[in-house]
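So you know, we letter chains A, B, ... as the sequences are listed, proteins then strands, and number each from 1. Quick caveat: nothing in here was measured; it's all calculated off a predicted structure.
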Amino acid sequence: MAAVPASRSGRRVVLRGDGCHPPVVRRDTERLVGRLGAWTTLPHPDPSLRAAPGRRRLGQRLSARARGLAGAARRLGGAAVAPRAALDLRMDVGALRQHARGPRIPLGVALDAGRQRRLGLRGSAPGPAARRRRAARASWPSWDVAGLPWDRRARSEQPRLGSVAGPFALARRDEPGPCSGAMSSKPEKITPRSEDYPKWYQDVIREADLAEPAKVVKGCMVIKPYGFAIWEKIQRGLDSRFKDTGHENAYFPLLVPQSFITKEAEHVEGFAPELAVVTHAGGEKLEEPYVIRPTSETIIGHFFGKWISSHRDLPMLINQWANVMRWELRTRMFLRTTEFLWQEGHTAHATHEESKEEVRKMLGVYSEFAEGTMAMPVVRGIKTETEKFAGAAQSLCIEAMMQDGKALQAGTSHDLGQNFGKAFDVKFQSESGDLEYVWQTSWGVSTRLVGGLIMTHSDDEGLVLPPALAPIHAVVIPIYKNDEQKAAVMEAAQRLKKQLCAIDIAPQGVRYRDFIEVRIDDRDMRPGAKFYHWERRGVPMRIELGPKDLDKGQVCVKMRTGGTGKKEFLDAGAFVEGVKDRLDAYQAELLAAAQQRIADRTVTLDTWDDFIKTFKDDASTFAWCHWDGTSETEAAIKAETKVTIRCIPLPGQGPDAEPGVCIKSGKPSTQRVLMAKAY
RNA sequence: CGGGGCGUAGCGCAGUCUGGUAGCGCACUUGACUGGGGGUCAAGGGGUCGGAGGUUCGAAUCCUCUCGCCCCGACCA
């Protein structure tokens, strides 16, 4: 038996095929297999597969798929390799050597550097790290195994005893094994939406580097810089609108005395199950526990009570940017996490008319922001009794449709009536001198908007962002072959960046400026790798800049959502001139596409049969249906189909009000409501 | 809380059945070549195997306990 030369690179032997594509044989494998010609005629370890006594090629009795693999191996040099239908085969030289003597051929064993050394196939000494580790180990007291039967150095020269599972059993793997992952030289791939929508969502967040699960804190997430930059732009856009509508920011404590929560009956009932409670502090048990705010109506109610005494103190218009905590059982990044960031507006008014007006006004701000800035169309409506905020008289909401047809409550605006005013004794003396309770509102949107943004626009290549919220609008990829070219290209890139960065693309009417943000990606990577990198992050515009472009005074521009080939070559000056329009058009395209989807996937249903059919399994759409207005029917529909009433549309947001019969109960109904499965 | 899966290098995972020198791929570092859609080669760095007990000459591997995470259900923005 000839000695087996080690593969030069020291890589494992890997053959891979999936039955659909030709087997993939790595180059180092090729070399090694080529040198294994000596074992062409090994006997198969399983006698049942060894039809003729003596010699037979291993591939012969195997399935067609496996034969394909074995065939590839033969073509490479005549080595006989027994694959199993499963696709990943690793075979180690030591195993082959054993196999040549007899009974066992362990697959799933790597031919790594260490193993090669052990088998005497690798001349080079262990690396420094290995040496250090070994030295450290040697200094510990240890049992000398030399010469004993369990000494592996001796054993490796003999066939291993014990049960022989055989190559197929050992290599069997119903799930893609480590090889398939190990074979990939690409970053983690993004699962296509059609295959697994929730998985796709997680993949996009990871690949775009928006956030990651905290893991060490249950149900929480870390919002990474790129993800937080999006949230910051959302904050800025909303905050300026709140200021424009007369609100002021303030901050209230994170901890709320437990007794506060219990003051409003419906409120405590709604939130009790998801409260996190602080019982100890400073090494001692607290006399009264604090709850970590799930929302701040109670503590703000308390302070409103102290601050408001006259109608002259009204309206009180406060907003708070804060974190809140709700102990959820199942979490999803951005959409539902234990801790999340949001904005909560709290206002107090002298009359119900005025507070109701505030509730509508802020819902208007939200919907304008959702559609204008996020390019996410929404339906404005009223929550049903069961879906409304715990403690509110009425809740308004905006509902967006995600790409899987499910609804996402993207913002809420509550008419609190006098409920909290009464609970916290927030009274004022009116012009007529009477003491009256204030009328309050609260309204909020959260980091959930980021989730909505992702699920509105992104595609199988990764994140897609509307320019109005993109932290980076354009990335310049310099193309060059040598230092000289690099210098010229980089200089041109800097010049272009300077021009672009001076352009303000803030929408009309806002009180802030929003300059185009440009990155020049001068990392030492292949241009292609950079393309994918920024594509996954949803950067709206990519500019390739190379020597040819410099010569012609042009730039190569590729918008994020165009197909791979859709590159435009534009005169550099004209491009800069028209870049704002270009971004505006892109923003408009995203909104139009989202509107189209919502239009395409919204249905009107009149029979329960159709309803069941529409929502069977995991499917969802927006469905306008008649409902008899009772919580019982609502609960029955939910129990049977998981579909909920997302909202009762405000005028103009759904079909015109017309009498009908409830889709479930058949009882009379005055108008259709929006039904869908929800996040 | 029920059902399922999993804790081994930064990430993804082999190795655990059958105890005997801690491995692979990606990522990372250095150098060279390369550069208009995920490059190649070479040389390197990095882990007391989730934790605690136990069995053993010897435990990632066997036993007991424990902690944590993910997925699927019941609750929710």
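Taking atom P in both B:rC26 and B:rA22, the straight-line distance is 23 Å, to the nearest Å. B:rU8 sits 10 Å from B:rG23 when the C1' atoms are compared, rounded to a whole Å. Comparing the same atom, P, in B:rG50 and in B:rC13 gives a spacing of 14 Å after rounding to whole Å. Remark: the separation of the C1' atoms in B:rC49 and B:rA14 is 13 Å, to the nearest Å. To the nearest whole angstrom, the two P atoms, one in B:rC17 and one in B:rU64, are 14 Å apart. Annotation: B:rC62 and B:rU16 have their P atoms spaced 9 Å apart (nearest Å). Annotation: B:rC69 and B:rU56 have their P atoms spaced 35 Å apart (nearest Å). Across B:rG15 and B:rU21, the matching C1' atoms stand 14 Å from one another, rounded to whole Å.
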Name the atoms and distances for all side-chain donor-acceptor pairs under 3.5 Å in residues 548-557 of chain A, with sequence neighbours left out.
unit_1	atom_1	unit_2	atom_2	d
A:Asp549	OD1	A:Gln554	NE2	2.8
A:Asp549	OD2	A:Gly546	N	2.8

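In this view, A:Asp521 and A:Arg523 satisfy the salt bridge (charged side-chain N to carboxylate O under 4.0 Å, His left out) rule, not counting sequence neighbours. With sequence neighbours excluded, no residue forms a side chain to side chain donor-acceptor pair (under 3.5 Å) with A:Glu269. Applying the salt bridge (charged side-chain N to carboxylate O under 4.0 Å, His left out) test to A:Asp571 and every residue at least two apart in sequence or in another chain returns nothing.
Rounded to an integer number of Å, the gap from CG of A:Asp521 to C1' of B:rG35 is 13 Å. Taking atom CG of residue A:Leu545 and atom P of nucleotide B:rG35, one finds them 18 Å apart after rounding to whole Å. To the nearest angstrom, P of B:rG37 lies 7 Å from CD of A:Glu544. Remark: P of B:rG37 and CD1 of A:Ile477 are 11 Å apart, rounded to the nearest angstrom. For A:Met333 and B:rC70, the CE to P distance is 10 Å, given to the nearest whole Å. In this structure, CD of A:Glu535 is placed 15 Å from P of B:rG36, rounded to the nearest angstrom. When the P atom of B:rU40 is taken as reference, atom CE of A:Met525 falls 13 Å away, rounded to whole Å. Atom-to-atom, CG of A:Asp209 to P of B:rG10 comes out at 18 Å; the value is rounded to the nearest Å.
Within the 3.5 Å criterion, the main-chain N or O of A:Phe615 finds a donor-acceptor partner in the side chain of A:Lys677. Judged by distance alone, the side chain of A:Tyr366 and the main-chain N or O of A:Gly444 form a donor-acceptor pair under 3.5 Å. Under the 3.5 Å distance criterion, the side-chain polar atoms of A:Tyr201 are matched with a main-chain donor or acceptor of A:Met333. Distance alone, capped at 3.5 Å, places no donor-acceptor pair between the A:Thr447 side chain and the A:Phe340 backbone.
Using a 4.0 Å heavy-atom distance criterion, A:Pro547 is classed as a base contact. Using a 4.0 Å heavy-atom criterion, one finds that A:Cys556 contacts the bases of the nucleic acid, with or without backbone contacts as well. As judged by a 4.0 angstrom heavy-atom cut-off over every strand, A:Lys530 is placed among residues making no nucleic acid contact.
Projected onto RNA chain B by closest heavy-atom contact, A:Ala529 and A:Lys642 fall at different nucleotides, the more 5' of which corresponds to A:Ala529.
No hydrogens or angles considered: a donor-acceptor pair under 3.5 Å links the side chains of A:Ser367 and A:Arg380.
Residue side chain A:Asn482 does not reach the base of B:rG35 through any donor-acceptor N/O pair under 3.5 Å, judged by distance alone. Taking only distance into account, the side chain of A:Arg526 never meets the base of B:rG36 through a donor-acceptor pair shorter than 3.5 Å.
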Give every pair of a protein N or O atom and an N or O atom of nucleotides 75-77 of chain B that lie under 3.5 Å apart, one pair per line with the distance.
unit_1	atom_1	unit_2	atom_2	d
B:rC76	O2'	A:Glu328	OE2	3.3
B:rC76	O2	A:Arg336	NE	2.2
B:rC76	O2	A:Arg336	NH1	3.4
B:rC76	O2	A:Arg336	NH2	2.6
B:rC76	N3	A:Arg336	NH1	3.4
B:rC76	N3	A:Arg336	NH2	3.2
B:rA77	O3'	A:Gln409	OE1	3.2
B:rA77	O3'	A:Gln409	NE2	2.5
B:rA77	O3'	A:Arg448	NH1	3.4
B:rA77	O2'	A:Arg448	NH1	2.4
B:rA77	O2'	A:Arg448	NH2	2.7
B:rA77	N6	A:Thr337	O	2.6

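Under the 6.0 Å distance and 45° angle rule, A:Arg542 counts as a cation-pi partner of A:Phe531.
Stacking annotation: A:Phe531 is not stacked on the base of B:rG37 (requires ring centroids less than 5.5 angstrom apart and an interplanar angle below 30 degrees).
Across B:rG36, B:rG35, B:rG37, the shortest atom-to-atom separation from the side chain of A:Asp524 is found for B:rG35.
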How does RNA chain B look in dot-bracket form if you count Watson-Crick and G-U pairs under 3.5 Å, write [ ] for pairs that cross, and put | where a base pairs with another strand? ((((((((.[[[[.)....(..]]]].((((((.....)))))).....[[[[[..)....]]]]])))))))....

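None of A:Leu463, A:Val539, A:Asp459 except one satisfies the side-chain contact (heavy atoms from CB on, under 4.5 Å) rule with A:Arg560; the exception is A:Asp459.
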